[in-house]
Amino acid sequence: QVQLVESGGGLVESGGSLTLSCAASRNIFSVYTMGWYRQAPGDERELVAEITWKGEVNYADAVKGRFTISRDNAKNTVPLQMNNLKPEDSAGYYCNAHRDGWNYWGQGTQVTVSS
């Protein structure tokens with residue numbers, strides 16, 4: 001079992017920055033792909049960014065060049081640095097860990113970007 005806890009959400013003005021953090025209950029980065037997803041009201045949950053156990057990263061087109069995913073093996077955290085935020089980035093942001101049929105989600109953290 002893996003527990004994921006997100007933090008760092010909040011209200012920010014357009015053009016501002018936020019850093020989200022996902023804390024895992026144990027060190028799983030060597031075998032799990034870690035990802036950040038988001039879901040706005042009425043929309044489906046979508047991938048924002050992910051980092052594989054090999055360290056390969058993948059970003060949604062909408063956030064390329066603005067968001068950066070990384071992992072801190074010492075702290076068992078996966079930060080998501082978000083710069084130049086736009087109102088359309090407003091959503092609930094969820095941390096995910098998955099591998100070989102195993103799939104875990106955090107409870108989410110809200111990001112609201114005002115115009």
Straight-line distance of Tyr94 OH to Trp105 CH2, nearest 0.5 Å: 9.0 Å
Arg38 with Asp43: basic N within carboxylate O range, under 4.0 Å: no
Smallest separation among heavy atoms of Ile69 and Met34, with atom names: CD1-O, 4.0 Å
Contacts of Ser17 that satisfy side-chain hydrogen bond (donor to acceptor under 3.5 Å, both in side chains) - sequence neighbours left out: Asn83
Worked check of side-chain hydrogen bond (donor to acceptor under 3.5 Å, both in side chains) between Glu13 and Ser114: CA-CA 5 Å; Glu13 292 184 350; Ser114 63; 5.3 Å; no
Distance, nearest 0.5 Å, that separates OG of Ser14 from CD of Glu88: 7.5 Å
Spacing of Ser70 atom OG and Gln81 atom CD [to the nearest 0.5 Å]: 8.5 Å
Mutual orientation of the aromatic rings belonging to Tyr104 and Tyr32 [parallel < 30°, tilted 30-60°, perpendicular > 60°]: tilted
Close aromatic pair by centroid cut-off 6.0 Å: Trp36 and Phe67: no
Thr109 OG1 to Leu20 CG distance, which is reported to the nearest 0.5 Å: 6.0 Å
Over all atoms of both residues, closest heavy-atom pair of Leu18 and Leu85: N-CD1, 3.8 Å
Pairs where residues 71-80 contributes a residue and the test side chain to side chain donor-acceptor pair (under 3.5 Å) is met, not counting sequence neighbours: Asn27-Asn76
In one Ile/Leu/Val/Met/Phe/Trp/Tyr side-chain cluster, 4.5 Å: Val5, Trp102: no
4.5 Å side-chain heavy-atom contact, Met82 and Val63: no
Distance (rounded to the nearest 0.5 Å) between Leu80 CG and Glu50 CD: 12.5 Å
Note, Val57 side chain near Thr68 side chain (heavy atom, < 4.5 Å): no
Qualifying residues under side-chain hydrogen bond (donor to acceptor under 3.5 Å, both in side chains), relative to Asp61, sequence neighbours excluded: Lys64
Euclidean distance, Tyr59 OH relative to Leu47 CG, rounded to 0.5 Å: 11.0 Å
Check: Glu6 side chain, Gln107 main-chain N or O, donor-acceptor pair, under 3.5 Å: yes
Tyr93 side chain reached by Val48 side chain, heavy atoms, under 4.5 Å: yes
Sidechain-backbone polar pair: Arg45 side chain, Gln39 backbone, donor-acceptor under 3.5 Å: no
Transitive ILVMFWY side-chain link Phe29 to Val31, under 4.5 Å: yes
